[in-house]
Amino acid sequence: MNLVRFMNSRVPPNKRYQPTNYEHAANCATHALWIIPSLLGSSVLHFQSDDQWERLSAWVYGAGLSSLFIISTLFHTVSWKKSHLRSMEHCFHMCDRMVIYFFIAASYAPWLILRELGPWACHMRWLVWVMASFGTTYVFFFHERYKLMELICYTVMGVFPALVILSMPEQSGLCELLLGGACYSLGIIFFKSDGIVPFAHAIWHLFVAMGAAIHYYAIWKYLYAESPSQVQTSR
C-alpha cells in the first residue's frame with residue numbers, strides 16, 4: 001500500500017510534524033465525536049449529585065473532560081483549514097497543550113474531593129492544581145521548545161497524584177483507574193510516532209478517549225451511582 005497519501009515524512013525533534021489531509025481529518029474526527037458524549041456525561045454526574053461537593057466535583061471534572069475534546073478539535077480544525085493564520089494556529093496549539101494539565105487535575109478532582117484521604121494526602125486536593133498551574137505557565141513560556149520535557153511534565157502530573165489515590169482506605173474503582181492510566185501510557189507510543197505510523201496522532205486520540213471513558217465509568221459507578229455522598233470532615 002502506498003503510504004505517501006496517508007503519512008508524511010518524519011521531521012526533526014525541533015520541528016512539528018505536518019499531517020496529510022487524511023490525517024488532519026482523522027485528528028479532528030477522533031476527538032470531535034466525543035464532545036457531545038462528554039457534555040452529556042457531565043450532565044449525568046451533575047443531576048446525580050446529592051450535595052454541593054458532588055456538584056462541584058461534577059462541574060470541575062465535566063469542564064476538564066469537555067474542554068479537552070473541544071479545544072483539541074478546534075486546534076486540529078484550525079491547523080487543517082487555517083494553517084496560514086500562524087498566530088491563530090499557534091494560540092490554539094498552546095491552548096491544546098495547556099488544557100491537558102487542566103484535564104489531568106480535573107480527572108483526579110472527584111476522587112480527591114469525595115473520598116477519604118489521610119492528613120498528609122489531603123494536600124493533594126490543592127497541590128494537583130498547583131502542578132497544573134506550573135504546567136500551563138511552562139507551556140506559555142516554552143511551548144514546543146523542549147518537547148521531551150513537556151512529555152515528562154505530563155507523565156509526572158498523571159502519575160504523582162495516583163500515589164495518593166492508591167493509598168485511600170476505600171479501594172473500589174482503583175482497577176478502572178489503573179486500566180485507564182494504562183490506556184494513556186500506551187497511547188504515548190503513538191503520540192511520538194508521527195511520520196513512522198500512519199494516523200499515529202489519531203490513534204493517540206483514540207487511546208485518550210478510551211482512557212477517559214474508563215475513568216468516567218469509574219467516577220460514575222463508584223462515586224455517584226453506587227456510593228452515597230462521601231463528604232469527609234477532613235476536607
Side-chain angles (χ1 to χ4, degrees), residues 16-17 19 21-49 55-111 128-129 131-133 135-140 143-144 150-151 153-154 157-158 180-181 183-184 187-188 190-191 194 199-220 224:
R16 184 147 58 95
Y17 175 76
N21 283 331
Y22 291 102
E23 289 179 313
H24 271 305
N27 292 343
C28 294
T30 47
H31 268 182
L33 290 173
W34 295 93
I35 293 176
I36 292 179
S38 66
L39 292 171
L40 292 176
S42 303
S43 300
V44 169
L45 297 184
H46 184 270
F47 288 122
Q48 288 190 329
S49 299
R55 282 189 288 272
L56 174 64
S57 299
W59 187 90
V60 172
Y61 173 64
L65 182 65
S66 303
S67 297
L68 178 76
F69 296 121
I70 292 172
I71 297 299
S72 175
T73 301
L74 287 174
F75 161 64
H76 287 292
T77 302
V78 170
S79 179
W80 182 16
K81 297 298 184 180
K82 300 293 182 181
S83 59
H84 59 286
L85 302 177
R86 296 299 182 185
S87 59
M88 178 185 291
E89 183 188 18
H90 180 74
C91 179
F92 274 99
H93 197 201
M94 288 181 61
C95 292
D96 180 60
R97 292 294 183 261
M98 289 176 175
V99 77
I100 296 175
Y101 290 106
F102 177 62
F103 168 68
I104 295 173
S107 295
Y108 278 113
W111 303 98
V128 70
W129 294 104
M131 296 169 66
S133 299
T136 55
T137 303
Y138 175 85
V139 172
F140 183 82
H143 177 55
E144 289 286 277
E150 288 187 14
L151 183 60
C153 289
Y154 290 134
M157 186 174 174
C183 289
Y184 292 127
I188 292 175
F190 295 94
F191 180 71
D194 287 324
F199 300 101
H201 198 81
I203 297 173
W204 152 247
H205 278 185
L206 293 177
F207 273 96
V208 170
M210 190 183 309
I214 294 171
H215 281 177
Y216 174 86
Y217 171 77
I219 290 172
W220 170 79
Y224 286 84

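Quick caveat: nothing in here was measured; it's all calculated off a predicted structure. The first residue of the sequence shown is numbered 1, and numbering continues consecutively from there.
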May I ask you to check whether W80 and N21 show a side-chain donor-acceptor distance below 3.5 Å?
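Yes.
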
Report yes or no: do E150 and Y138 form a side-chain donor-acceptor pair below 3.5 Å?
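The criterion, which ignores hydrogens and geometry beyond distance, is not satisfied for Y138 and E150.
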
If every non-hydrogen atom of [X] is compared with every non-hydrogen atom of [Y], which pair is closest and at what distance?
{"X": "L65", "Y": "A212", "result": "CD1-CB, 3.9 Å"}
{"X": "W129", "Y": "A109", "result": "CZ2-CB, 4.5 Å"}
{"X": "N27", "Y": "A202", "result": "OD1-N, 3.2 Å"}
{"X": "G180", "Y": "I214", "result": "N-CG2, 3.9 Å"}
{"X": "F102", "Y": "S67", "result": "CE2-OG, 4.5 Å"}
{"X": "M94", "Y": "F140", "result": "CE-CA, 3.4 Å"}

Please examine the side chains of [Y] and [X], heavy atoms only from C-beta on, and report whether any two atoms are closer than 4.5 Å.
{"X": "S57", "Y": "Y61", "result": "no"}
{"X": "M157", "Y": "V128", "result": "yes"}
{"X": "T77", "Y": "T73", "result": "yes"}
{"X": "Y224", "Y": "S49", "result": "yes"}

For S72, which residues count as a side-chain hydrogen bond (donor to acceptor under 3.5 Å, both in side chains) partner, sequence neighbours excluded?
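Expected list: H31.
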
Would you say NE2 of H46 has more than 12 non-hydrogen atoms from neighbouring residues, nucleotides or ligands within 6.0 angstrom?
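Count not over threshold, so no.
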
With a cut-off of 6.0 Å (strictly less than), are more than 12 heavy atoms of other residues, nucleotides or ligands near CG of L151?
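Atom CG in L151 is crowded, with more than 12 foreign heavy atoms closer than 6.0 Å.
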
Students often mix this up, so state it plainly: with edges at 30° and 60°, are the rings of H201 and H205 parallel, tilted or perpendicular?
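Rings of H201 and H205: perpendicular, as their planes differ by over 60°.
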
Salt bridge between K81 and E89, side-chain N to carboxylate O under 4.0 Å?
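E89 and K81: not salt-bridged.
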
Ring centers of H24, F199 separated by less than 6.0 Å:
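Ring centres of F199 and H24 not closer than 6.0 Å.
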
Between F190 and F207, does the ring centre distance come in under 6.0 Å?
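Yes, the ring of F190 comes within the 6.0 Å limit of the ring of F207, centre to centre.
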
Taking it one step at a time, do T30 and W204 satisfy side-chain contact (heavy atoms from CB on, under 4.5 Å)?
CA-CA 9 Å; T30 47; W204 152 247; over 6 Å; no

Closer than 3.5 angstrom, by distance alone: can the side chain of Y216 be matched with the main-chain N or O of S38 as a donor-acceptor pair?
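No, Y216 side chain to S38 backbone: no donor-acceptor pair under 3.5 Å.
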
Suppose the criterion is side-chain hydrogen bond (donor to acceptor under 3.5 Å, both in side chains): which pairs have a residue in residues 96-109, not counting sequence neighbours?
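Residue pairs with at least one partner in residues 96-109: H93-R97.
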
